Amino acid sequence: MAMAANAARLCRRLAGRSITSLSVTTHRRAVSLQARRCYTATPAGNNLQFRLDERTAHSSLDLFKKNTGVIYRMLGLDPSHVQDNPERFRDWAVVFGDEKISSGRHYWEVTVKKSQEFRLGVAEAGMSREDCVGTNSSSWVFGYAQRKWFVMTNNKIAPVTLVGKPDRIGILLDYEAGILGLVDIKKPKIIHTVRARFKTPLCPAFGLWDGELLTHSGLEEPEGLK
């Protein structure tokens, strides 16, 4: 039950500040994500290649290396100095990839540097920007916090065992089969699998509360994962 008890704490930090619970009321403007979204569609059978979408990045996240990496900065930018658009996460340190996935089997990897709290996975392209990835039914993530791995969706947490903190980790998505896998790239093997019914286009999704992440896309799926 310790993992469940920590659920509210795992997504509480915002740009260096703490909030008391996931139900905190803030003054947010209603936004429409319809019609303004212009992600590039990913055809089935192609190796997914994406960059991080600056339009979605919270003001505490700084993109680098041609938008393939992201670093967390505690103070971040003054939100009033960040271009206002309905794509951006205002309350949570989250950024999406700039591709949307509606079919096929895709694989990418993430290098983790100096981070003790992060989340990796996928989210519906139209997910509410008022939520954090993992706290709703529109996102599926593997996370690392308090030196432990977990899997999270709809604000429900389950531990992921038999894995330490690797420097580089793989993510496997099979849209039609409804599978999201966390991959040990050294073996290689799937450490943990999430099963879901994906109904709308998905984007690679990342949450970061310290350190940095570097994404590696356009990769072939390692042999032996099927």
Side-chain angles (χ1 to χ4, degrees), residues 3 10 42-53 65 67-70 94-125 127 133-134 138-154 156-198 201-226:
M3 293 297 294
L10 289 172
T42 301
N46 288 2
N47 296 334
L48 177 69
Q49 190 160 5
F50 65 87
R51 297 181 186 275
L52 301 176
D53 188 351
K65 204 169 183 180
N67 288 3
T68 61
V70 56
V94 173
V95 61
F96 278 1
D98 64 358
E99 294 278 353
K100 65 178 182 180
I101 308 163
S102 55
S103 63
R105 187 175 171 104
H106 306 281
Y107 175 80
W108 59 94
E109 295 178 358
V110 181
T111 296
V112 181
K113 294 185 178 181
K114 300 178 182 179
S115 179
Q116 297 296 322
E117 188 170 357
F118 56 87
R119 296 182 189 178
L120 317 170
V122 295
E124 294 180 353
M127 171 183 149
V133 288
S138 301
S139 54
W140 302 261
V141 295
F142 297 103
Y144 184 86
Q146 300 173 2
R147 299 183 180 181
K148 295 179 181 179
W149 281 92
F150 59 92
V151 60
M152 186 177 185
T153 186
N154 207 18
K156 295 179 181 178
I157 292 177
V160 174
T161 58
L162 303 178
V163 56
K165 185 191 175 186
D167 294 328
R168 186 158 165 163
I169 198 76
I171 298 291
L172 176 68
L173 172 68
D174 190 325
Y175 190 96
E176 285 81 6
I179 292 175
L180 181 70
L182 183 68
V183 178
D184 181 339
I185 66 173
K186 293 182 179 179
K187 303 265 181 184
K189 72 174 184 178
I190 298 176
I191 301 167
H192 194 94
T193 299
V194 176
R195 295 189 177 274
R197 295 183 64 185
F198 303 128
L202 305 175
C203 292
F206 307 87
L208 183 66
W209 288 271
D210 62 1
E212 61 187 75
L213 303 175
L214 183 62
T215 64
H216 313 277
S217 61
L219 304 177
E220 294 281 353
E221 178 184 336
E223 294 289 336
L225 295 187
K226 296 182 179 181

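For the single chain, residues carry numbers from 1 onward in sequence order. Just so we're clear, the structure is a prediction, and the values are computed from it rather than from any experiment.
Inter-residue side-chain proximity for T215 and V70 is flagged as unmet; no heavy-atom pair is nearer than 4.5 Å. Side chains of D174 and E176 form a contact here, defined as non-hydrogen atoms less than 4.5 Å apart.
Going from atom CD1 of I190 over to atom CD1 of I179 covers 7.0 Å, rounded to the nearest 0.5 Å. Of the inter-residue distances, the one linking E220 atom CD with Y107 atom OH reads 11.5 Å to the nearest 0.5 angstrom. The CD atom of E212 sits 10.5 Å away from the CG atom of D210 when rounded to the nearest 0.5 Å. The distance from the NZ atom of K165 to the OG atom of S115 is 6.0 Å, given to the nearest 0.5 Å. Rounded to the nearest 0.5 angstrom, L219 CG and I171 CD1 are separated by 12.0 Å. The distance from atom CZ of R119 to atom CG of L213, rounded to the nearest 0.5 Å, is 13.0 Å.
With sequence neighbours excluded, no residue satisfies ring-ring contact (aromatic ring centres under 6.0 Å, His included) with F206. Applying the side chain to side chain donor-acceptor pair (under 3.5 Å) criterion to E223, with sequence neighbours excluded, gives no partner residue. Not counting sequence neighbours, the partners of F198 by the ring-ring contact (aromatic ring centres under 6.0 Å, His included) test are W140, Y175. Not counting sequence neighbours, S217 has no partner by the side chain to side chain donor-acceptor pair (under 3.5 Å) test. Under the side chain to side chain donor-acceptor pair (under 3.5 Å) criterion, T111 pairs with H216, sequence neighbours left out. Taking R168 as the reference, E109 meet the salt bridge (Lys or Arg N to Asp or Glu O under 4.0 Å) condition, with sequence neighbours excluded. Checked against side-chain contact (heavy atoms from CB on, under 4.5 Å), K65 has the following partners two or more places apart in sequence or in another chain: T68, L214. Checked against salt bridge (Lys or Arg N to Asp or Glu O under 4.0 Å), E221 has the following partners two or more places apart in sequence or in another chain: R105. S138 pairs by the side-chain contact (heavy atoms from CB on, under 4.5 Å) definition with E124, M127, N136, not counting sequence neighbours.
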Applying side-chain contact (heavy atoms from CB on, under 4.5 Å), run through F96 and V133 and close with a yes or a no.
-> CA-CA 10 Å; F96 278 1; V133 288; 4.1 Å; yes

Solution key, residues 180-187 side-chain donor-acceptor pairs under 3.5 Å, sequence neighbours excluded:
unit_1, atom_1, unit_2, atom_2, d
D184, OD1, K186, N, 3.0

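Contact detail for P166 and I169: the closest heavy-atom pair is CG-CD1, 3.6 Å. Of all heavy-atom pairs between V151 and H192, the closest is CG1-NE2, 3.9 Å. Summarising the geometry of S139 relative to G134, their closest heavy-atom pair is OG-N, 2.7 Å, with the distance given to 0.1 Å. When all heavy atoms are compared, the tightest approach of L48 to P204 is CD2-CG, 4.2 Å.
Of the listed residues (W209, W149, F150), just one forms a ring-ring contact (aromatic ring centres under 6.0 Å, His included) with Y144, and that residue is W149.
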